[in-house]
Amino acid sequence: MLIALVSAKGAPGVTTSTLAMALTWPRAVVLAECDPRGGDVLAGFAAGRLPADRGLVELQIRGRNNTMANELPSQLVQLPGTSQAQYLLPGIESAQQAGAIDWDQLAGVFRRLHDERQVDVLADCGEVHAQHSPAPILRAADLVVLVARTTMPAVRVAVKTAAALRTDLQNNGMGADRLVALLVSSPHGYSKDEIGKQLDLPVLGEIPWHETAARVLSEGADMRDRYLHSKLVKAASDAGQRAGTWAWQHYSEADAMRRSAQPITNGYPVPTMMGERRGR
Ligand SMILES: Nc1ncnc2c1ncn2[C@@H]1O[C@H](COP(=O)(O)OP(=O)(O)OP(=O)(O)O)[C@@H](O)[C@H]1O
Ligand SMILES: [Mg+2]
């Protein structure tokens with residue numbers, strides 16, 4: 001499945017929460033850094049311990065002539081601290097490179113990754129209104145997760161962004177019902193139920209405020225693997241499970257519709273566009 005995560009404004013914790021989900025994802029997964037303002041995981045969580053010569057830009061260069069899908073595996077790096085198939089597709093280094101990325105083609109590659117290899121993609125798409133936004137990835141996603149803090153200023157902006165996203169997904173994507181919220185609780189923030197109502201969105205979960213664990217995930221502060229047992233990572237893991245289930249429902253419905261729209265292939269004659277009939 002393809003799950004895209006975005007924010008309305010103000011760094012609510014998209015990268016931190018998405019990384020925590022990827023580290024605890026129960027199946028093969030690629031954390032794809034599609035933030036057009038640049039990726040953070042290599043310099044942050046990985047603290048320079050991973051090769052810096054792979055990622056989105058290299059994929060774009062090598063993958064011209066529609067060979068991106070074949071090139072993708074060579075541009076992935078295993079996420080530190082994981083022993084299974086949990087990978088990172090490092091993002092661009094600076095916002096100047098964003099205009100060179102073919103988000104449409106990339107969205108197709110991510111969808112094929114699940115169809116052909118059963119690998120899920122968590123795409124960190126950053127702030128939704130950024131220049132050269134990866135809108136095609138959101139439009140192709142089985143689930144779009146709007147990440148927001150629980151303060152009133154953050155929720156006010158998120159309400160407007162949710163409305164704009166709903167319209168775009170309805171008109172250009174896979175439907176407005178793909179949109180859900182993930183809350184990052186701020187000290188003294190509002191409750192999950194109150195905010196769910198304000199946003200008028202189903203809420204995947206609430207990530208607790210935990211500065212120490214968040215610093216490990218966003219800055220690579222040394223906490224060994226104790227961060228994996230923090231409340232933050234546990235909540236992200238639960239939200240990830242729910243995201244997987246909801247995305248799977250959307251994926252299966254869309255798949256069933258695609259199949260029912262295909263011509264019958266059991267030997268009955270199938271009418272063609274030209275009006276003649278052909279056997280199968
Ligand atoms: N659950 C949390 N508890 C405490 N601090 C957090 C939490 N989530 C994120 N943070 C902190 O908030 C800051 C921003 O987090 P992060 O980079 O994940 O946000 P973002 O939405 O990806 O931002 P940007 O739009 O800049 O990419 C970081 O310093 C991070 O450590
Ligand atoms: Mg980020």
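Order of appearance sets the numbers: ligands from 1, and atoms from 1 within every ligand.
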Notebook entry, point to check: Can you check whether Ser7 has an N/O within less than 3.5 Å of an N/O in ligand 1?
Noted result: no

Next item on the list: Decide whether the shortest distance between a heavy atom of Arg149 and an atom of ligand 1 is less than 4.0 Å.
Entry: yes

Margin query: Tell me the contacting part of Val184 for ligand 1: side chain, backbone, both, or neither, using a 4.0 Å heavy-atom threshold, strictly below.
Written below: side chain

Note to self: Using a 4.0 Å cut-off to any heavy atom of Asp35, which atoms of ligand 1 qualify?
What the structure shows: 27 (O)

Notebook entry, point to check: Given side chains that start at C-beta, do those of Val6 and Val145 come closer than 4.5 Å, heavy atoms only?
Noted result: no

Check: Is a salt bridge present between Arg111 and Asp115, judged by a nitrogen-to-oxygen distance below 4.0 Å?
Finding: no

Notebook entry, point to check: Charged N to carboxylate O below 4.0 Å: is that the case for Asp142 and Arg178?
Noted result: no

Check: When only distance counts, is Ser17 in polar contact with ligand 1, meaning an N/O pair under 3.5 Å?
Finding: no

Margin query: Is there a side-chain contact between Leu5 and Leu146 in this structure, where contact means two heavy atoms from C-beta onward sitting under 4.5 Å apart?
Written below: no

Margin query: Need the ligand 1 atom indices (1-based, order shown) with element for anything under 4.0 Å from a heavy-atom of Arg37.
Written below: 24 (P), 25 (O), 27 (O)

Notebook entry, point to check: With distance as the sole test, does Arg149 use its side chain to make a donor-acceptor pair with the main-chain N or O of Pro12 at under 3.5 Å?
Noted result: yes

Check: Should we say atom CD of Glu71 is surrounded by more than 12 heavy atoms from elsewhere, each under 6.0 Å from it?
Finding: yes

Check: Can you check whether Thr150 reaches Val184 side chain to side chain, under 4.5 Å on heavy atoms?
Finding: no

Item checked: Salt bridge flag under 4.0 Å for residues Arg215 and Glu219 -> yes

Check: Under 3.5 Å, is there a donor-acceptor pair linking the side chains of Glu194 and Ser191?
Finding: yes

Item checked: Val147 contact mode with ligand 1 (heavy-atom cut-off under 4.0 Å) -> neither

Margin query: Looking at Glu127 and Arg37, is any side-chain nitrogen of the basic one under 4.0 Å from a carboxylate oxygen of the acidic one?
Written below: yes

Note to self: Once rounded to the nearest 0.5 Å, what's the spacing between atom CZ of Arg27 and atom NE2 of His114?
What the structure shows: 7.0 Å

Check: Between Ser17 and Leu182, is any pair of side-chain heavy atoms under 4.5 Å apart?
Finding: yes

Note to self: Considering both backbone and side-chain atoms of Val14, is one of its nitrogen or oxygen atoms within less than 3.5 Å of a nitrogen or oxygen in ligand 1?
What the structure shows: yes

Next item on the list: Check Pro208 against ligand 1 and report side chain, backbone, both or neither, counting heavy atoms closer than 4.0 Å.
Entry: backbone

Note to self: Quick check on His210 - does any of its heavy atoms sit under 4.0 Å from an atom of ligand 1?
What the structure shows: yes

Next item on the list: Just the protein N/O/S atoms under 2.8 Å from the Mg ion (ligand 2), please, no waters.
Entry: Thr15 OG1

Notebook entry, point to check: For atom 14 (C) of ligand 1, which protein heavy atom lies nearest, and how many Å away is it?
Noted result: Ala11 O, 3.7 Å

Check: Looking at ligand 1, does Gly10 have a heavy atom less than 4.0 Å from it?
Finding: no

Item checked: Numbered atoms and elements of ligand 1 in range of Ala214, under 4.0 angstrom, heavy atoms -> 2 (C), 3 (N), 4 (C), 5 (N), 6 (C), 7 (C), 10 (N), 31 (O)

Checklist line | Leu59 and Leu72, any side-chain heavy atoms less than 4.5 Å apart | finding: yes

Check: What part of Glu127, side chain from CB on, backbone N/CA/C/O, both or neither, has a heavy atom under 4.0 Å from ligand 1?
Finding: neither

Notebook entry, point to check: If you measure from each heavy atom of Gly126 to ligand 1, is any distance below 4.0 Å?
Noted result: no

Checklist line | Nearest neighbour in protein (non-hydrogen) for atom 15 (O) of ligand 1 | finding: Thr16 OG1, 3.6 Å

Notebook entry, point to check: Should one rank Ser218, Gly44, Ala235 by closest heavy-atom distance to atom 28 (C) of ligand 1, which comes out on top?
Noted result: Ser218

Next item on the list: Ignoring hydrogens and angles, state whether a donor on the side chain of Thr15 or Asp124 is under 3.5 Å from an acceptor on the partner side chain.
Entry: yes

Checklist line | Within reach of ligand 1, part of Leu232 (heavy-atom separation under 4.0 Å) | finding: side chain

Item checked: Carboxylate-amine/guanidinium contact Lys234 Asp238, below 4.0 Å -> yes

